[in-house]
Number of protein chains: 2
Amino acid sequence: MPRTVAERADVIPVLAEIFREHGFEGASLAIIGERTGLGKGSLYHFFPGGKEEMATVVLAEIGAWFEANIYRPLRETAEPRTAVGAMFRSVSAYFYSGRRICLVGSFALDNVRDRFADQIRSYFTAWKASLTDALRRIGHNEPEARDLAEEAVLGIQGALVLARALGDPLVFERAMQRMEQRLIA
Amino acid sequence: MPRTVAERADVIPVLAEIFREHGFEGASLAIIGERTGLGKGSLYHFFPGGKEEMATVVLAEIGAWFEANIYRPLRETAEPRTAVGAMFRSVSAYFYSGRRICLVGSFALDNVRDRFADQIRSYFTAWKASLTDALRRIGHNEPEARDLAEEAVLGIQGALVLARALGDPLVFERAMQRMEQRLIA
DNA sequence: GTCTATATGGAGATAGAC
DNA sequence: GTCTATCTCCATATAGAC
């Protein structure tokens with residue numbers, strides 16, 4: 001008999017976490033079944049396209065979350081200096097101060113990069129663009145704003161790599177501090 | 001009959017490139033056999049420990065290369081300003097201006113991170129330490145040197161992630177320029 | 001040292017009962 | 001919607017001839 005009646009939406013955050021921890025190929029259906037509490041039947045009922053569809057949906061949800069919580073505020077908040085500070089706080093919370101990796105960044109380095117190339121590119125393009133916009137409004141000129149935005153976006157990814165490699169979240173926190181200083185000063 | 005008589009040392013750079021392109025799990029023995037021109041028999045003759053041993057050996061060779069070509073020059077070159085400039089040129093060449101990813105960084109984000117944790121940590125620890133040393137000798141005070149070194153090491157990793165995600169090597173080249181400026185100025 | 005053949009396991013995915 | 005049983009494929013690894 002059925003364990004419980006699940007909703008597809010409830011499963012997505014769990015999938016995201018599994019992909020972060022195990023990568024795309026490492027996230028076996030066995031693990032996914034265990035963590036979601038769903039059998040293969042239910043999984044394929046929700047995601048007829050299998051793992052590939054699961055990852056696509058997860059990436060879409062991540063993109064939507066960043067759009068709502070990071071990119072839009074950067075573009076639309078009246079006080080851009082505040083918005084940039086808020087971005088660093090949101091990012092720090094989102095990545096658990098460097099204890100959690102960026103799924104999009106890890107996919108970019110992974111074997112699966114080509115399969116999800118469009119979603120990966122959009123994520124970073126939108127981030128760069130919205131941050132550039134805020135920096136422009138803070139008072140930086142156009143090329144300077146673009147440079148600083150690129151540096152910050154890449155710095156966040158690098159901080160996640162290094163913090164994970166060294167097993168030291170402080171690496172991430174220090175990088176956030178430095179970048180915020182540089183952008184807002 | 002045997003195809004050719006190979007040496008283990010010749011195989012290692014090929015393995016490194018395969019792991020970079022496909023990741024650890026994605027690098028199947030089929031691919032490895034194809035690219036090295038070796039059958040499974042030869043592969044297991046050279047690496048009785050299988051793929052895990054292959055990756056360990058590859059990481060060791062990468063570590064040795066960086067020690068000889070990056071870390072030692074940073075520590076020992078009489079003119080540290082020159083050494084830092086040389087580091088950026090070597091790194092840029094090594095990563096093909098951002099077209100090639102860092103195997104160690106990609107492993108750090110991957111499912112296999114725990115299996116190779118020691119080698120991953122050493123790679124970044126040694127890089128940070130040797131760069132800090134050079135910056136110290138350039139004239140930065142201790143905490144400043146440490147901060148700048150950490151920022152540069154992490155910036156290189158982030159630049160590789162973003163360049164790959166956007167399919168744009170210029171992202172990498174710009175990041176190298178900015179960092180060199182900041183470190184040497 | 002290299003090859004081919006094979007063992008064995010686990011992967012993703014499907015079928016159909018309930 | 002959920003389950004179990006099953007299919008097929010390809011993974012790593014081994015054995016033993018040459």
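Order of the sequence lines fixes the chain letters, A, B, ..., with proteins taken first and strands second; residue numbering starts at 1 for each chain.
The CG-C1' distance, from B:Leu43 to C:dA5, rounds to 17 Å in whole Å. The separation between B:Glu34 atom CD and D:dT12 atom P is 13 Å, rounded to whole Å. The interatomic distance linking B:Asp10 (CG) with C:dG1 (P) rounds to 12 Å, in whole Å. Atoms CD (A:Glu25) and C1' (C:dG10) sit 14 Å apart, rounded to a whole Å. For the pair B:Ile31 CD1 and D:dT12 C1', the computed distance is 14 Å after rounding to whole Å. The CG atom of B:Leu38 sits 9 Å away from the C1' atom of C:dG1 (whole-angstrom rounding). The NE2-P distance, from A:His22 to C:dA11, rounds to 12 Å in whole Å.
Checking the phosphate oxygens (OP1, OP2) of C:dG10, no side-chain nitrogen or oxygen of A:Ser28 falls inside 4.0 Å. For B:His45 and C:dT2, the shortest distance from a side-chain N or O to OP1 or OP2 is not below 4.0 Å.
For the residue pair A:Asn111 / A:Glu25, a side-chain donor-acceptor distance below 3.5 Å is found, with atom types taken as modelled.
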Exercise. Does the pair B:Leu59 and B:Phe116 meet the rule for a side-chain contact (heavy atoms from CB on, under 4.5 Å), with working shown?
Worked result: CA-CA 9 Å; B:Leu59 288 173; B:Phe116 304 106; 3.7 Å; yes

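Contacts of B:Tyr44 classified as ring-ring contact (aromatic ring centres under 6.0 Å, His included), with partners at least two apart in sequence or in another chain: none.
Residue-environment remark: CD (A:Gln181) stays at or below the threshold of 12 foreign heavy atoms within 6.0 Å.
Under the 4.5 Å side-chain criterion, counting only non-hydrogen atoms from C-beta, B:Phe47 is in contact with B:Arg8. By the 4.5 Å heavy-atom criterion applied to side chains, B:Arg178 and A:Glu150 are counted as neighbours.
Between A:Ala27 and B:Phe46, the residue anchored closer to the 5' end of DNA chain C is B:Phe46, taking for each the nucleotide with the nearest heavy atom.
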Can you name the atoms? Protein N/O to nucleotides 13-17 of chain C N/O, anything below 3.5 Å, with the distance.
from	atom 1	to	atom 2	distance (Å)
C:dA13	OP2	A:Tyr44	OH	2.7
C:dA13	OP2	A:Lys51	N	3.3
C:dA13	O5'	A:Tyr44	OH	3.0
C:dA13	N6	A:Lys40	NZ	2.9

